[in-house]
Amino acid sequence: MPDYAWPDAQHRTLIGTRVSRVDSPVKVAGQAKYTYDVHRPGMLYGKVLRCPYAHAKVVSIDTSAAEKMPGVKAVHIVQGPGTTIHWAGDEVVAVAAVDEPTAEDAIRLIKVEYQQLQHLVSDTEPPKGGVQEEGPLSMDAIDDMLDNQVPAGQMVSEIHQYGIGEKPDEARLNDFKESGASDAVLDALRKAAIHPEAASKLPSSYQKAAAQTAGDPEKAFAEADVVSEGLYGVPVITHCCLESHGSISEWTDPDHLFTHISTQNVSGIPGQMAEPLKIPATNIRVHQDHIGGGFGSKFSPDRWGIFTAEISKKAGGKPVRIMLERDAELEVAGARPSAYARVKVGARKDGTLVAWQSNSWGTGGPGGGGMPPIPYVFSIPNQRQEHIAIRNNIGPARAWRAPNHPQAAVLTMCALDDLAAKLNMDPVEFFGKNLTLTKPRENTYREELAIASELMDWKQKWHPRRQIASGDLARGVGLSFHTWGGRGHASDCDLTIHPDGSVDIKLGTQDLGTGTRTCILIVASETLGIPMDAIQLQIGDTTYPPSGGSGGSTTIGGVSSSTRRAATDARDALFAKVAPALNTQPDQLECVSGKVSVKGDSSRSLSWKEACSKLGVMPLTVRGKNPDKSKPPDLTNSGVGGVQMAEVEVDTDTGVVKVKKMVAVQDCGLVIDLKTAESQCYGAMIMGISYSLYEEKVMDPSTGRMLNADMGFYRLAGLSDIPELVVHMMTGKGYDERGVIGLGEPPVISPGAAISNAVANAIGVRVPFLPLTPDRVLAALEQKAGA
Amino acid sequence: MRDEDENQKNPNDSPESPGVSRRDFLKISGISVAVPLVAGPRVIKAAGQEVRVYGPGKVPMEFAINGKNYKANLEPRVTLLDALRDEFELTGAKRVCDRAECGACTVLVDNKPVYACAMLAIEAQHKAITTVESLTRDGKLHPIQQAFVDNDASQCGFCTPGFVVACKAFLDKHPHPTPEDIRRGLSGNLCRCGTYAGIRKAIAQVAQKGA
Ligand code: FES
Ligand code: FES
């Protein structure tokens, strides 16, 4: 049985050190090629006509003038007459032309007649009585549940309890299956009671999405010494990847598609394109060298990826490039669901949490959306939650870095912080007191809380909430906790050792800027004892072994494990060939510093090159494959904890909030590259400052359109907004032996709550909703003064 | 009615002379019927003055980019950024907002940082254009590029070329910047991945070495 285990601390030369990102040089030189940069011979440029209405029916389309225009090579109706459009900016017609200006002109010549329908783009608190109680589940509701990854058990019991509105046919069931429905769910659907009368009712925009109770909240609140009530929330924000979504597609022959696409999911794209394009997945080749940001919004080819391929076909197979314009990127290509809640929490005098109640709501666009996991991190013994999902016309939601967790952190940690204030307790003491509710991560959080307090100088900086005089620059500190899974995904890695000593590695993974390439090379180099630059790494192509999509912080665990396996197996195979030459047994050999030598006797060794020559003429290729999910993980693991603290300064005259310092203390098991790991935390804090202070997808209730679909008014934090940032990674004993765990999501979860809590500490009153804009801060101050 | 050779005859003709901003061109382009001919400017009278009008068809243009000459026939509404990227395959400068809000397309025009998406190609003729591609000489990174590598100042890297060019221009002007200089001088570029901490360190590294 090969020993794949990670080397222990004294045998690690690279793992856990600070290694510079291997693809930095091409990036800083402007040589890294992104999908947007791909220029294929004879490439045509596509443009898209988008619906200006948030809710409308397409009545007629006249493309004749566009088709006649010189330079136009293909016109493709994406959503024809009769289709209902559910959000502004949705695609109606696409055009491919010899250059962009021509395509733009052609779009202007297309006439579309719409019938406008009533729209809803607001996500304010649902009106009492307007909410649809649980009833038979519609097929859309089942879709939503799958999208929201409602556990199979819960789905089965709800289908059982409420029945369904219509009988799904096999095609529909197949769709569900593809969206991840388990056999148990499909079976429940087949057997469910059908209530067609209820289904014919128009669905309300407000749907009760969850209602659950644990323990005895009534009694617990009655017995609590202190009860705090508050309103909290996080609006819809967008992903705003700097490289917009899009692809360049071409047909190399009538049955074979070659597509360059900006994606977090290279290996997973063909399977999603095959059916709509009616060709086998194996006929689809996907390639991507670099990606300019995804953050959860780039797992699918999207409708535009499909019609880029279709329009290419219409244009005789010529390459067609369709990259989204910035306004479309912000309107249709990614939004994080909103979440708001009225929260009531109760504790005993000593701070022990006893009861939680939340009435939450939020929107994920037309699909409604699910309840964030609240109360977050702290399992308060008695709790009741009710969540209402708002279906509206703001555009579809997508996974946004740590889906649902940043919202959960705000709703929970801000409510708990207000309770601590009511108890007159220092939050560090209050949260510290309740850490037993965070099992199984209690010890991690305890250590992290202590380190974070130290790094923030919390004792010096924290003060009880107090009255401030207007005109003051008020300072305050706040904190938050978060958690995430992050076990490695399925990943295959091919590693080849050539007889001349050269080594290459191929994986169908992608590097989102998280350092994936760097980490793969670190692991291979550490295992084979040869320098990183002696190994050639190729990723980002469907001709390489499949590797999972980069979502949910699963990539590092996935690729590091499969690379470790491949490298270990290849090394062992090499040892078998080399052992006779060194007069020893294969298990007596080791690879260190570019040599294959007998353990404990470095005088008996061969250089790497000499050793590889023992392979003869044939290269040695080994595939590393991760054990499947049903088995316990070995090289990777799941479950991390993090604590963050923020210090802010609030100008009480202008309402402007400035973050002055942030501290992130984070565990992620065994760190492969400390440098890029820390960068994940720095980047996450910066992104967090951005969504805490500035970001919001602002919708115009009358036109139903996004008002700030550009980067001037959809404000991202800039360099001048960024204060001193401190990152501390939890490593060493107790952490390293857990194996490799993902880090992309966790550190982006807490900033909203930590910063909101710091502002409350500074000005003595809660600003209920993010982003903490000057108008909201002033309104909160005013309300406090009036109270 | 049109002077085919106007452009060639007046190679030093100030590109500002058409007096039409990109914004105006965008408006004008809306009413244009595509005329796929390559043609020089026409002279018309507007507000009592003679104004040369280019387009709406393609116009021959010449550029000096990274010390080399480039020629292309482009519509006057084409931006410098699109000319660089789509005509000359210099894709270091990125198209992100395409309206002067993010800095991803930053290049140097006569040594000054410029948003290439906010300048028409026709206006950039006969000026010295420097793109990120030219900063690396014989495979050796420019000190600011090396500092980006050392301080992990790029993640996805899409904002990086724009930042590198902006930082170079900034450091040329402020070899010993104060933190306040940095805050002000580099607020015109945006990064989604959050690399600002690394960028600040990179600038400090170069400023220190230069000292
Ligand atoms: S693309 Fe030019 S400033 Fe954003
Ligand atoms: S590194 Fe990704 S946008 Fe800056």
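The sequence lines fix the lettering, A, B, ..., with proteins before strands; numbering per chain opens at 1.
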When you check the gap from the basic side-chain N to the acidic O, do Glu695(A) and Arg192(B) get nearer than 4.0 Å?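 Salt bridge between Glu695(A) and Arg192(B), a charged N being under 4.0 Å from a carboxylate O: yes.
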
Less than 4.5 Å to any heavy atom of chain B: does that hold for the side chain of [X], its backbone, both, or neither?
X         : answer
Ser679(A) : both
Arg321(A) : side chain
Glu100(A) : side chain
Asp99(A)  : side chain
Thr676(A) : both
Gln31(A)  : side chain

Is Ser692(A) reaching over with its side chain to a backbone N or O of Gly688(A), donor-acceptor style, under 3.5 angstrom?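 Indeed, once roles are kept as given, a pair shorter than 3.5 Å links the two residues.
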
Measure from the side-chain N and O atoms of Asp673(A) to the backbone N and O of Val19(A), and report whether any donor-acceptor pair falls under 3.5 Å.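 Present.
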
Centroid separation under 6.0 Å, is that true for the rings of Phe88(B) and Phe63(B)?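 Ring-ring flag for Phe63(B)/Phe88(B): true, centres closer than 6.0 Å.
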
Between chain B and each of Ile686(A), Leu719(A), Val26(A), Asp721(A), count heavy-atom pairs under 4.5 Å; write down the option with the most.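 Between Ile686(A), Leu719(A), Val26(A), Asp721(A), the count favours Leu719(A).
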
Does the side chain to side chain contact (heavy atoms under 4.5 Å, CB included) test come out yes or no for Ile539(A) and Arg517(A), once each step is laid out? CA-CA 8 Å; Ile539(A) 64 170; Arg517(A) 280 187 175 89; 3.7 Å; yes

Under the ring-ring contact (aromatic ring centres under 6.0 Å, His included) test, residues paired with Phe170(B) that sit two or more places apart: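 By the ring-ring contact (aromatic ring centres under 6.0 Å, His included) rule, Phe170(B) matches His174(B).
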
